[in-house]
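What follows is a set of notes on a single structure, which appears directly below.
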Amino acid sequence: MDRPLRLVAANPLDRLARTLEALLVVASQPLPVEELAEAAAEDAERVEMALGLLAERFQEGRSGIVLERVAGGWAFRASREAADACGRLFERPVERGLSQAAMETLAVVAYLGPCSRPEIARLRGVAADSVVAGLVERGLIAEAGREDGGAVRYRTTPLFERVFGLESLSVLPRLDDLGDAEDIRERLESLAEKRPA
Amino acid sequence: MDRPLRLVAANPLDRLARTLEALLVVASQPLPVEELAEAAAEDAERVEMALGLLAERFQEGRSGIVLERVAGGWAFRASREAADACGRLFERPVERGLSQAAMETLAVVAYLGPCSRPEIARLRGVAADSVVAGLVERGLIAEAGREDGGAVRYRTTPLFERVFGLESLSVLPRLDDLGDAEDIRERLESLAEKRPA
Amino acid sequence: MPVPVRELELDLEAFEGPFDLLLALVLRDELDLGEVDVAGIVLAFLERLAEREELDLDACGEFLVLVAALLELKARALLTGEDGDLEDLDPAQAAEELARRLADYRRIKEAAAWLVDRLDEESDRYFRLGPAPLAPRVERRLAAQDPAELATALRALSAEPPAVSLAHLELRFPPVEQFLGRFRSLLARRTRFDFDTEVDGLTRVEQAVAFLALLELRKAGEIELSQASPFAPIRVRRNAETQTERTTTWTARSA
C-alpha cells in the first residue's frame, strides 16, 4: 500500500513547486517559508523540499531567473550573467552614489540595531541628519519608534538586506573579526610599557 | 558557409532566452519587444524567436510562471492553477497596529487639522515623506487642497474615522490640558527645534 | 631605506620623542591631546621626507594612518561634555575609554568598508523593487484602533524631552574632505598642478591638512606625486586611469 503512494508522490511535489514559482514571480519582496506554506496550504517541510527542487532549476548558468535566499525569505532575481542587459533597462536608484558617510551610517544602524541620529552622530563624530534622511528616502533604513529622549530611532529595512544580498542581518561579519583595532591598541600599549619609567 | 552558422545558432538563442527571462523577472511592467531587444543588444526578430521558446516553456499546466503577451508587451504572471495560493498571499492578514510614525502623523493631522508634509515634518521633527505616502496609500489620509505656499495639505478620511471608531473628529479624546490646537501646534514646533533630531 | 614613521623624532612644544611614544602616551592619558599640535607632527614628517632623495610612499601611507588615528583621538578627546564624566575617571580609565571609542569608530569604519565591498560584489544582482506587472493588488486591512492611542501619541510628542547635550554635534573632522574636493576639481580642469603653489598663502595647519588630502588621493590611485629634489616643489599629476566617480573618500584603513 505504501509503495504506489510513494511513486505518485513526485507529482504533487512538482505541483507544489509550480505553485511556489507562481507565488515567487508575483511577490514584491522575499517570501519566508512560512508565508509560502500558508499561501500554498502546505506544510513547511514539503515547501522546503519543493524550494530545493526550484533552487536547482533556477540557478546561475542554467536559467535567467535565479532563486535566492535573501532578507529572511526566498525571492527570484535576474541571473548575474544578464546584468549588462538589466543595466541597460533598469536603474539602480537605491544604491547609486552611496557616500562613505552613508555607508558608515548604514553600518552603525545594521550592527547596533535601532538607533537615533544623536547616537549615530556620536559614533561617527559628525552630525547625521542629511545622511539619515537620504537613507530613509532610499528605503534602506526606516523609523523604528522613539527613544526615551524623544529622538526617532532607525533600523535597516528588508530592502537593505536585499540590496546587499544578505540572508539576514546575522550574516554580517562580527565586528571583532573585521579590523585590527584591538591589535593597534595592544601594539601601542605594549610600546608604552617598554618605555623607560 | 551559411549552414554551419545556423547549426550553432541554437545555443546563442538559448542564451538570449535566458537574458529575456532575467529582464522579465525584474520588470515591473510589461516589456515591448523593442525594449527587450535593445536591452539584450539583439535584433527584434531574434528576440521574437526567443520569446516563442519562452512562451512554450512558461505556459499554463507546465509552469507556475506564465509568459503572457499583453497590451504593453510581454510579462510574467502567476499560473491560473495557482490562483488560490496567490489569493491567499495577497490577502494580507488584518494588521493589528500602526507604526509609531503613522500614529503620530495621524494624531497630528486629526487633532491639528489639515497639514502639509513640511508642516508634519516640522511638528514631528523628522522627515514625513514616506509616512505620509504610506497613509495616503492606505486611505487613512487624503489630499485636502493646498496651503498658501503651494504644498498639498492632508486631512483624515472617513476610513480613518471608521478604523478608530469615531463618529467624527469632534469626538476625539480630549486633550484639554494641552490647550487648543493652536497651543499644541506652537508647543510642538518649539519642542521639535529643541529635540535632538 | 624607508623612513621609519613610528620612530619619527618629534620636537613639539608639548612633547619631545618618537611618534609612537607620543601615541602611547596619549592612549595612557599621560599627555593631553589638546596640547598636541598635530600639524607640527605633519610638518616634522614632511621635513623628514624632504631629507630623502625620493618620496617614500609606503612611509606616507603609514604616517597617514597613524596621524588619522591621532586626529580621531583628538577629536574624540574634545567630546568630554557628551558622555559627561571623563574627568572623573582616573587616567588609566580615561585612556581605556578613549581607546574604546577609537576602537568603536574604527570598527564602524571597517564595517562600512565591508559593506562597500559587498555592494560592489552584489552590483550585478538585479531584482524587482515594485509589484509584479500582472500581480493582484494588495489590500491592506487594519484592525479597529483605539482613539486613545492618538491622544497618547500627541501627548508624548508634546512632552518636554530630557535635556540632551548637543556637544557632539559641534565636532567636525578637519576639512580633509574640503581639500579632497578642491584638488579633485582642480584635476578635473588640469592634468597637473604644483602643490606648493596651490597651498601658498594658507596657514601651516591648512597646509598640513592639504598634504593629508594629497596622500589620500595618492593612496586611492587618483594622482601621482613627484619631487625633483628635496625641498623642491611637489608636483601632482592626475592618474591616467582616474575614476571620475569616487564616492568612498577619506577612509582611514589600518596599515
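Naming: A, B, ... by sequence-line order, numbering from 1 per chain.
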* To do: Please say whether the positively charged group of Arg77(A), taken as NZ for Lys or CZ for Arg, lies over the ring of Tyr126(C), i.e. under 6.0 angstrom from the six-membered ring centre and within 45 degrees of the axis.
  => no
State, yes or no, whether a side-chain contact exists between [X] and [Y] at a heavy-atom distance under 4.5 Å.
X: Phe90(A); Y: Leu129(C); answer: no
X: Met103(A); Y: Lys109(C); answer: no
X: Leu134(C); Y: Val26(A); answer: no
X: Arg125(C); Y: Val163(A); answer: no
X: Asp84(A); Y: Asp124(C); answer: no

Can you tell me how far apart [atom1] ([X]) and [atom2] ([Y]) are? Round to the nearest 0.5 Å.
X: Arg118(C); Y: Leu172(A); atom1: CZ; atom2: CG; value: 8.5 Å
X: Phe164(A); Y: Asp117(C); atom1: CZ; atom2: CG; value: 11.0 Å
X: Phe76(A); Y: Arg128(C); atom1: CZ; atom2: CZ; value: 10.0 Å
X: Glu95(A); Y: Leu119(C); atom1: CD; atom2: CG; value: 5.5 Å
X: Leu106(A); Y: Ile108(C); atom1: CG; atom2: CD1; value: 11.0 Å

* Asked: Quick one: what part of Arg80(A) sits under 4.5 Å from any heavy atom of chain C, side chain, backbone, both or neither?
  -> both
* To do: Would you mind checking which part of Ala27(A) comes under 4.5 Å of any heavy atom in chain C, side chain (CB onward), backbone (N, CA, C, O), both or neither?
  =>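 Just the backbone, heavy atoms under 4.5 Å.
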As an exercise: rank [options] by heavy-atom pairs under 4.5 Å with chain C and give me the winner.
options: Ala82(A), Ser79(A), Ala107(A); result: Ala107(A)
options: Gly87(A), Ala75(A), Cys86(A), Ala110(A); result: Cys86(A)
options: Val94(A), Leu166(A), Leu112(A), Thr105(A); result: Leu166(A)

* Asked: Of all the residues in residues 58-73 of chain A, which have a heavy atom that comes within less than 4.5 Å of a heavy atom in chain C?
  -> Glu68(A), Val70(A)
* Which pair of non-hydrogen atoms, one from Ser28(A) and one from Pro131(C), has the smallest distance, and what is that distance? ->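 The answer is CB-CA, 3.8 Å.
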* **Closest non-hydrogen atom pair between Glu122(C) and Gly165(A), with its separation** =>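 Looking at all heavy atoms of both residues, the closest pair is OE1-CA, 4.1 Å.
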* Look at atom CD of Glu137(A) and say whether more than 12 heavy atoms of other residues, nucleotides or ligands are closer to it than 6.0 Å. => no
